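Throughout, protein chains are lettered first and strands after them, A, B, ... in sequence-line order, and every chain is numbered starting at 1. Fair warning: this is a prediction, and the values are worked out from it, not measured in the lab.
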Amino acid sequence: MAKLALENVRKIYKNGYEAVHNFSLEIEEGEFLILVGPSGCGKSTLLRMIAGLEDITSGELWMDGEIGNYKEPGERNLAMVFQNYALYPNMSVYDNIAFSLSVRKKDKEEIDRKVHETAKLLGIEQLLDRRPGELSGGQKQRVAIGNAIIRNPRALLMDEPLSNLDAKLRTQMRVELAALQHKMKTTTIYVTHDQTEAMTLGSRIVVMKEGEMQQVDTPANLYDAPANKFVAGFIGTPSMNFFEAQAVREEEGVLLLVGEHRIRLSGEDAARLRAHGADKVWLGIRPEDIAVSAPQEGRQTERRPGWKEGLLADGNYLEVLITDIELLGAEKLLIFLLYGKKYVAKVPAETQVKTGEQRRLYLNMAAAHLFDCATEKRI
Amino acid sequence: MKTVMKMKQRLGAYLFFVPCLTIFALFLFYPFAKTIYLSLYKTDKLGQAKLFVGLGNYAELFTSESFFHSLLVTFIFVAIVVSVSMLLGLITALLVNKNFPGIRVFSTAYALPMAIASSAAALIFEIMLDPTIGIIDKVLGTDINWLHDERYALVCVALLTAWLNSGINYLYFSAGLANIDEAIYERASVDGANEWQKFTRLTLPGLSPILFYTVVVNIILAFQSFGQVKILTEGGPGESTNLIVYSIYRDAFFNFRFGGAAAQSVVLFTMIMILTLIMFKLEKRGVKY
């Protein structure tokens with residue numbers, strides 16, 4: 001039995017705006033589930049409906065086999081961490097952490113023991129007497145988490161908990177959160193717009209757009225087999241490049257025409273495209289699957305498996321104009337222009353490239369993704 | 001040379017104070033000094049100091065039963081006014097802190113007492129409380145002469161004053177409530193707090209800084225109530241609504257005992273000052289964050 005389940009859940013606001021369309025999902029015990037999507041995609045609304053802070057317009061919310069739609073937030077035995085932490089400003093850290101237990105009139109000694117345990121777990125024991133106003137962002141974050149985990153909730157809901165922290169602290173807290181969840185095994189639903197956070201934290205990720213679920217899968221699958229063009233573009237930084245291509249069927253495979261460039265598809269991709277029958281497709285290539293020179297035949301490059309066979313066909317390149325170069329450290333980004341549109345390639349930092357140069361860029365066709373131009377679904 | 005320049009600069013700065021200081025001096029400092037001065041004299045009918053009596057006026061006050069009665073009445077009055085008007089202000093502010101259609105009508109209505117002159121309100125109350133044509137007796141089905149019964153007059157005047165002062169309290173509390181982060185209530189809901197716990201543990205502490213300020217302002221406001229007493233009861237029946245401010249007025253302008261009135265003013269001033277100082281002391285200890 002699923003820990004939490006949503007069945008055809010919809011949210012329509014009073015002004016008629018439908019924030020969440022028919023959303024169904026099962027969340028298993030101990031899972032770290034991420035809801036990710038651009039702002040306004042309904043992910044926070046969904047979380048708030050689970051918490052009971054928003055009414056569910058239609059559909060069902062099941063919790064441990066019980067219907068939960070009409071339960072008060074306090075009866076759901078969920079805990080939530082808010083984006084701005086929502087600490088009680090007039091209470092000490094101790095009282096903040098103890099709040100959910102003390103409103104339930106738990107035994108004082110038990111509360112005391114649990115508060116100290118939790119504070120120790122989070123490394124904030126020395127802060128118990130302080131008030132939230134005297135804490136740094138990272139410390140407030142820990143207090144909010146402490147308050148959430150102290151009563152062993154059915155599930156932990158987190159609404160963009162790291163977005164108020166600076167970049168360095170965010171990375172550190174991300175690692176700590178992952179470790180904490182691993183240790184506590186609390187079912188966690190985590191909302192974020194940051195796909196890096198989603199990829200590194202989640203055991204399963206729900207990608208949302210405009211109130212609709214686009215794909216639910218493991219991080220690796222989202223990256224390797226995105227269900228549609230949106231997911232493909234959303235997951236991974238920099239985003240995947242999409243070239244509009246015309247498919248021409250040949251005897252031995254399929255030829256993709258990107259402007260004047262001829263790119264040959266063979267093997268499975270070609271077969272799938274033949275079966276699908278579309279003429280116009282989006283050719284999706286991640287920046288890391290583009291190289292400035294064709295690797296020599298028979299030599300496996302270290303960068304990504306698949307390079308060798310993918311670049312066998314001699315036609316798999318694009319003649320482009322390099323317009324910008326951004327050095328990231330070990331790698332650099334080449335921004336290039338092709339038929340009036342800008343795309344990105346990620347190459348090793350030592351690659352010799354100059355801006356304004358006309359270059360040939362090679363595509364790793366084994367890692368290419370094809371999307372139907374009409375439906376934007378993966379072929 | 002340099003020091004002269006500096007002096008000039010400083011002088012320039014003080015020049016900016018002059019208009020403000022003039023007004024203060026004319027309408028505040030001078031009358032205040034004059035009051036203290038008068039309180040040490042016996043005066044003639046025009047209020048001119050005639051005979052120096054030192055602390056004689058004060059000695060007279062502190063042996064006068066009427067003065068102590070007036071003090072007692074004032075304290076009862078202030079206690080009723082402050083508690084009721086703050087409670088009214090808090091309740092109305094809490095009521096309109098929710099969002100629903102038509103809320104603006106209510107938020108205007110609750111702030112309205114602020115805009116009504118105390119004398120106008122007193123006149124309306126006088127009609128409402130009238131034993132023959134008043135609505136209060138009609139609604140309650142009673143036959144009480146509210147304003148001319150020693151048992152009720154003070155309470156009636158106090159409640160009217162409380163209602164008049166509730167407008168400003170409503171405003172203070174609304175501002176205070178708006179300052180409380182909405183998210184902490186959501187967190188409290190998820191944490192399992194009920195409405196009462198949210199009120200006592202989040203709202204009240206959240207209002208504590210403004211609460212202190214409102215108490216001080218309310219006490220001063222209540223002590224200074226005059227118009228409604230003058231119109232509704234004129235200190236009567238008997239001496240039951242003879243508040244200290246009204247007593248000062250009566251001594252000065254009916255009995256022409258300006259010296260005694262001035263002495264009462266000084267006592268009133270001292271009391272309010274001591275109360276305010278105590279409140280500030282308490283604030284440092286009580287108000288959190």
**Q** Please classify the contact of A:Tyr88 with chain B as side chain, backbone, both or neither, using a heavy-atom distance under 4.5 Å.
**A**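 It is both, since atoms from each part get that close.
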**Q** Taking side chain as everything from C-beta outward and backbone as N, CA, C, O, which of these in A:Leu87 sits under 4.5 Å from a heavy atom of chain B? Side chain, backbone, both or neither.
**A**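 Both parts, backbone and side chain.
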**Q** Need one label for B:Glu186: side chain, backbone, both or neither, based on atoms under 4.5 Å from any heavy atom in chain A.
**A**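 Both backbone and side chain.
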**Q** Please determine whether the number of non-hydrogen atoms from other residues, nucleotides or ligands lying under 6.0 Å from atom CZ of B:Phe24 exceeds 12.
**A**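 No, because the 6.0 Å sphere around CZ of B:Phe24 holds 12 heavy atoms or fewer from other groups.
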**Q** Would you kindly say whether A:Ser102 and B:Arg201 are connected by a side-chain donor-acceptor distance under 3.5 Å?
**A**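 There is such a pair between these side chains.
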**Q** With no hydrogens and no angle check, just 3.5 Å: does a side-chain donor-acceptor pair link B:Ser247 and B:Gln264?
**A**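 Their side chains do contain a donor-acceptor pair, which is all the 3.5 Å distance test asks for.
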**Q** Determine all donor-acceptor pairs shorter than 3.5 Å in which one atom belongs to a side chain in residues 114-125 of chain A; sequence neighbours excluded.
**A**
residue, atom, partner, partner atom, Å
A:His116, ND1, A:Asp112, O, 3.0
A:Glu117, OE2, A:Arg113, NH1, 3.1
A:Thr118, OG1, A:Lys114, O, 2.7

**Q** Can you tell me if A:Arg131 uses its side chain to pair, donor with acceptor, with the backbone of A:Pro89 under 3.5 Å?
**A**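 Not at all, since once roles are kept as given, no pair shorter than 3.5 Å links the two residues.
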**Q** Is A:Asp159 in contact with chain B via its backbone, its side chain, both, or neither, using a 4.5 Å heavy-atom distance?
**A**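 A:Asp159 has no heavy atom closer than 4.5 Å to chain B.
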**Q** Would you tell me whether A:Thr192 and A:Glu160 have side-chain atoms, one donor and one acceptor, within less than 3.5 Å of each other?
**A**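 Side-chain D/A pair, A:Thr192 to A:Glu160: absent.
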**Q** Compute whether any side-chain donor of one residue and acceptor of the other, for B:Arg187 and A:Asn84, lie under 3.5 angstrom apart.
**A**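 Judged by distance alone, the side chains do not pair up.
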**Q** Within residues 35-61 of chain A, which residues come under 4.5 Å of chain B, heavy atom to heavy atom?
**A**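 Listed by number: A:Arg48, A:Ala51, A:Leu53.
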**Q** Side chain, backbone, both or neither: which part of A:Lys105 has a heavy atom under 4.5 Å from chain B?
**A**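 Side chain of A:Lys105 only, per the 4.5 Å heavy-atom cut-off to chain B.
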**Q** Assert yes or no for the condition that the ring centre distance of B:Phe212 to B:Phe280 is strictly below 6.0 Å.
**A**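 For B:Phe212 and B:Phe280, the ring centres are under 6.0 Å apart.
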**Q** Is there side-chain contact between A:Thr187 and A:Leu156, with heavy atoms separated by less than 4.5 Å?
**A**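 SC-SC contact between A:Thr187 and A:Leu156 ruled out.
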**Q** If you count heavy-atom pairs under 4.5 Å with chain B, which of A:Val81, A:Asn96, A:Leu78 comes out on top?
**A**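 Greatest number of close heavy-atom pairs with chain B: A:Asn96.
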